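Below is one structure; the comments refer to it alone.
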Amino acid sequence: MSILVTGGAGFIGSHTCVELLEAGYDIIVLDNFYNSKSESLKRVKEITNKDLKFYECDIRDRKGLDEIFAKENVEAVIHFAGLKAVGESCQKPLEYYDNNIGGTVTLCEAMRDAGCKKIVFSSSATVYGSENISPLKETMKTGGTTNPYGTTKYYIEQILTDLYASDNEWSVVLLRYFNPIGAHESGRIGENPNGIPNNLMPYISQVAVGKRECLSVFGNDYDTHDGTGVRDYIHVVDLALGHIKALEKALKETGCNVYNLGTGKGYSVLDLVKAFEEASGVKINYKIAPRRDGDIATCYSDPSKAKEELGWVAERGLDKMCEDTWRWQSQNPDGF
Ligand code: NAD
Ligand code: UD1
């Protein structure tokens, strides 16, 4: 029996593949390399000294999926594949709805017809919208998303919830990630954004390595301890380990469960800049810029449900997140 990992060549997927292999699972990775390179999977094998199966396939390709399910004995799916750039999703909503929602529906149809009914899905804290006050709890109202990317996550949560309601043989685990950063401590795999990074940590690390001149800090007049935005940064390896716990739950019992994966601690933009400077010994050039549209002051999780029900807690602190990001970025300035 194997675990199928869609989007397994990407940032979070590749780190999860390492932890799955280390935990003794046989894995099959499916990816169309839209936002990744095969080199990441080569390095997953190198880190673990274990093998994995790979199919270059699109989750919207029903025939391709059917062939994989016919050939392989897939026990459960961890579903990372999707498009994730918030700004781009506003320019290309149809592509986002097609890829993320259409792709997930096609994947679930293929799973159902193959009799594989266990899925762990990559959702996001973005489904909490902007109205709820942190710490965010799974029981809070979701929706009110402000961009097509966020809306795809909200709809997919709904689709998977409806799927379970229609057929209680399914095991669905929805994981709401907060802000994943960091890299594997080997420095061999990490985040590899295309073009100018949208997210804070890759921008900081590219300034540190000399690829970007200056970080723009989007707003210093928020109601936070230093006026800059506060987020719940989580080490990608902790996040990957959360998937192993979620998978164990899905393999053990049917149901539809949702968990926050975060640390429960919020750090500001300037806290992160300072922590990165300490970890790297490099001064980060930054300037204060206007607020970014759609941003909120503060967003962090209440991670207690994952602790109680999955036995999972994030263990790696901000210093380790910065240290590991720096090792990856400095040793691979141009990514894979
Ligand atoms: P990523 O872009 O690095 O990985 C996604 C992978 O999916 C890539 O390898 C890409 O090539 C592949 N892919 C995309 N569309 C595909 C398709 N139609 N068929 C097959 N493969 C396809 O992104 P990531 O940061 O690793 O994120 C993984 C998942 O987690 C995504 O669903 C993302 O929305 C979600 N998520 C990410 C974050 C974050 O900050 N990184 C936060 C919350 C949720
Ligand atoms: C963003 C997405 C969110 C997604 C998440 C994880 C938006 C509005 N939200 O969240 O949907 O789930 O990434 O991928 O894009 N910042 C700067 N300068 C920069 C970049 C960021 O000051 O160059 C600040 C932001 O204003 C924010 C913090 O850093 O306060 C974190 O930003 P970012 O890394 O983009 O994550 P989120 O906005 O939390």
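In listed order, ligands and their atoms are each counted from 1. Fair warning: this is a prediction, and the values are worked out from it, not measured in the lab.
- Close approach to Asn198 involves these atoms of ligand 2, each under 4.0 Å from a residue heavy atom: 20 (C), 35 (O).
- Ligand-side atoms of ligand 2 in range of Tyr233: 28 (C), 31 (C), range being under 4.0 angstrom from any heavy atom.
- With a 4.0 Å cut-off on non-hydrogen atoms, Leu215 touches ligand 2 through its side chain and not its backbone.
- The closest side-chain donor-acceptor pair between His79 and Thr104 falls under 3.5 angstrom.
- Which of Thr16, Leu83, Asn32 comes nearest to atom 16 (C) of ligand 1 through a heavy atom is settled by distance: it is Asn32.
- Under a hydrophobic clustering in which Ile, Leu, Val, Met, Phe, Trp and Tyr are joined whenever their side-chain heavy atoms come within less than 4.5 Å, directly or via other members, Val74 and Ile119 fall into the same cluster.
- Only the side chain of Val86 comes within contact range of ligand 2, with a heavy atom under 4.0 Å; no backbone atom does.
- Among all protein heavy atoms, the one lying closest to atom 18 (N) of ligand 1 is Asn99 OD1, 2.9 Å.
- Between the side chains of Asn198 and Arg292, no donor N or O sits under 3.5 Å from an acceptor N or O.
- Of the candidates Ala85, Cys57, Gly7, it is Cys57 that places a heavy atom closest to atom 20 (C) of ligand 1.
- Taking the charged nitrogens against the carboxylate oxygens, Lys42 and Glu39 do have a contact shorter than 4.0 Å, which makes a salt bridge.
- When hydrogens are left out, the protein atom nearest atom 26 (O) of ligand 1 is Ile12 N, 2.8 Å; that is the closest non-hydrogen contact.
- In terms of polar-atom proximity, Leu200 is counted as a contact of ligand 2, with an N or O under 3.5 Å from an N or O of the ligand.
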- Message: Let's go through Arg291 and Asn220 carefully: what are the C-alpha distance in whole Å and the side-chain angles of both, what is the deciding distance for side chain to side chain donor-acceptor pair (under 3.5 Å) to 0.1 Å, and is it a yes or a no?
- Response: CA-CA 8 Å; Arg291 289 181 178 195; Asn220 67 348; over 6 Å; no

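- Protein heavy atom at the shortest distance from atom 12 (C) of ligand 1 is Asp31 OD1, 3.3 Å.
- Remark: ligand 2 atoms within the under-4.0 Å shell around heavy atoms of Thr126 are 11 (O).
- Put simply, Trp170 and Val258 are part of the same group of oily side chains (I, L, V, M, F, W, Y) that touch within less than 4.5 Å, one to the next.
- With atom 35 (C) of ligand 1 as the reference point, the heavy atom nearest to it among Gly102, Ser122, Gly150 is part of Ser122.
- Side-chain contact check for Tyr128 and Asn260: at least one donor-acceptor pair (N or O, by modelled atom type) lies under 3.5 Å.
- Within ligand 2, the atoms closer than 4.0 Å to a non-hydrogen atom of Val217 are 22 (O), numbered from 1 in the order shown.
- With hydrogens left out, the protein atom closest to atom 39 (O) of ligand 2 is Arg231 NE, 2.6 Å, a heavy atom.
- Taking 4.0 Å as the cut-off, Arg176 does not count as a neighbour of ligand 1 on heavy-atom distance.
- Residue nearest to atom 22 (O) of ligand 2, selected from Tyr149, Tyr203, Phe218, Tyr286: Phe218 (by heavy-atom distance).
- Under 4.0 Å from ligand 2, the heavy atoms of Ser216 that appear belong solely to its backbone.
- Within the listing of ligand 1, atoms 17 (C), 18 (N), 19 (N), 20 (C) sit less than 4.0 angstrom from a heavy atom of Ile59.
- Neither the backbone nor the side chain of Phe11 has a heavy atom within less than 4.0 Å of ligand 2.
- Below 3.5 Å of separation, one finds an N or O of Asp295 facing an N or O of ligand 2.
- Using a 4.0 Å cut-off to heavy atoms of Asn179, the atoms of ligand 2 that qualify are 36 (O), 37 (P), 39 (O).
- By the 3.5 Å distance cut-off applied to N or O atoms, Tyr177 is not counted among the residues near ligand 1.
- Residue, atom and distance of the protein heavy atom nearest to atom 5 (C) of ligand 1 are Gly82 O, 3.9 Å.
- Distances from ligand 1 to the non-hydrogen atoms of Ser40 include no value under 4.0 Å.
- The distance from ligand 1 to the heavy atoms of Gly10 drops below 4.0 Å at these ligand atoms: 3 (O), 4 (O), 9 (O), 26 (O).
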- Query: Would Ser123 and Glu157 count as a side chain to side chain donor-acceptor pair (under 3.5 Å) if you check the C-alpha gap in whole Å, the side-chain angles of each, and the deciding distance to 0.1 Å?
  - Reply: CA-CA 7 Å; Ser123 188; Glu157 284 201 359; 2.7 Å; yes

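- Every atom of ligand 1 is numbered from 1 in the order shown, and the set under 4.0 Å from a heavy atom of Ser124 is 43 (C), 44 (C).
- Judged by distance alone, the side chains of Tyr55 and Glu72 do bring a donor and an acceptor atom under 3.5 Å apart.
- Ligand 1 is approached by Pro180 to a heavy-atom distance shorter than 4.0 Å.
- Atom numbering of ligand 1 starts at 1 in the shown order; those under 4.0 Å from a heavy atom of Ser36 are 8 (C), 9 (O), 11 (O).
- No continuous path of hydrophobic side-chain contacts links Phe11 to Tyr203 [ILVMFWY only; heavy atoms under 4.5 Å].
- Considering only non-hydrogen protein atoms, atom 24 (C) of ligand 2 sits nearest to Val269 CG2, 3.6 Å.
- Aromatic pair Phe336/Trp328: centroids less than 6.0 angstrom apart.
- Near Phe33, meaning under 4.0 Å from one of its heavy atoms, ligand 1 places the atoms 11 (O).
- Ranking the protein heavy atoms by distance from atom 2 (O) of ligand 1 puts Asn35 ND2, 2.7 Å first.
- Ionic pairing of Glu253 and Lys249 is present here: one or more N-O contacts between side-chain nitrogen and carboxylate oxygen are shorter than 4.0 angstrom.
- Of the protein's non-hydrogen atoms, the one nearest atom 31 (C) of ligand 1 is Phe80 O, 3.1 Å.
- Nearest non-hydrogen protein atom to atom 14 (O) of ligand 2 is Asn199 ND2, 3.8 Å.
- More than 12 non-hydrogen atoms from other residues, nucleotides or ligands lie less than 6.0 angstrom from NZ of Lys305.
- Distances below 4.0 Å separate heavy atoms of Ser124 from the following atoms of ligand 2: 12 (O).
- Donor-acceptor pairing under 3.5 Å is recorded for the side chains of Thr145 and Thr151.
- At a cut-off of 3.5 Å, with distance as the only test, a side-chain donor of His235 or Asp324 sits close to an acceptor on the other residue.
- Ligand 1 has no N or O atom lying under 3.5 Å from any N or O atom of Ser123, backbone or side chain.
- At the shortest separation from atom 3 (O) of ligand 1 among protein heavy atoms lies Phe11 N, 2.9 Å.
- Between Tyr96 and Tyr149, the ring-plane angle classifies as perpendicular under the 30° and 60° cut-offs.
- Here the two rings, on Tyr177 and His243, have centers that are under 6.0 Å apart.
- Looking at atom 24 (P) of ligand 1, its nearest protein heavy atom turns out to be Lys84 NZ, 3.8 Å.
- The contact set between ligand 1 and Tyr34, taken as ligand atoms under 4.0 Å from a residue heavy atom, comprises 11 (O).
- For atom 32 (O) of ligand 2, the closest heavy atom belonging to the protein is Arg292 NH2, 3.5 Å.
- If you look at Lys153 next to ligand 1, the close heavy atoms, those under 4.0 Å, all belong to the side chain.
- For the residue pair Glu309/Tyr259, the side-chain donor-acceptor check at 3.5 Å is satisfied.
- With salt bridges taken as basic N to acidic carboxylate O contacts below 4.0 Å, none links Asp232 and Lys265.
- Evaluated for a side chain to side chain donor-acceptor pair (under 3.5 Å) with Thr152, the options Asp98, Asn99, Asn100 yield exactly one hit, Asn100.
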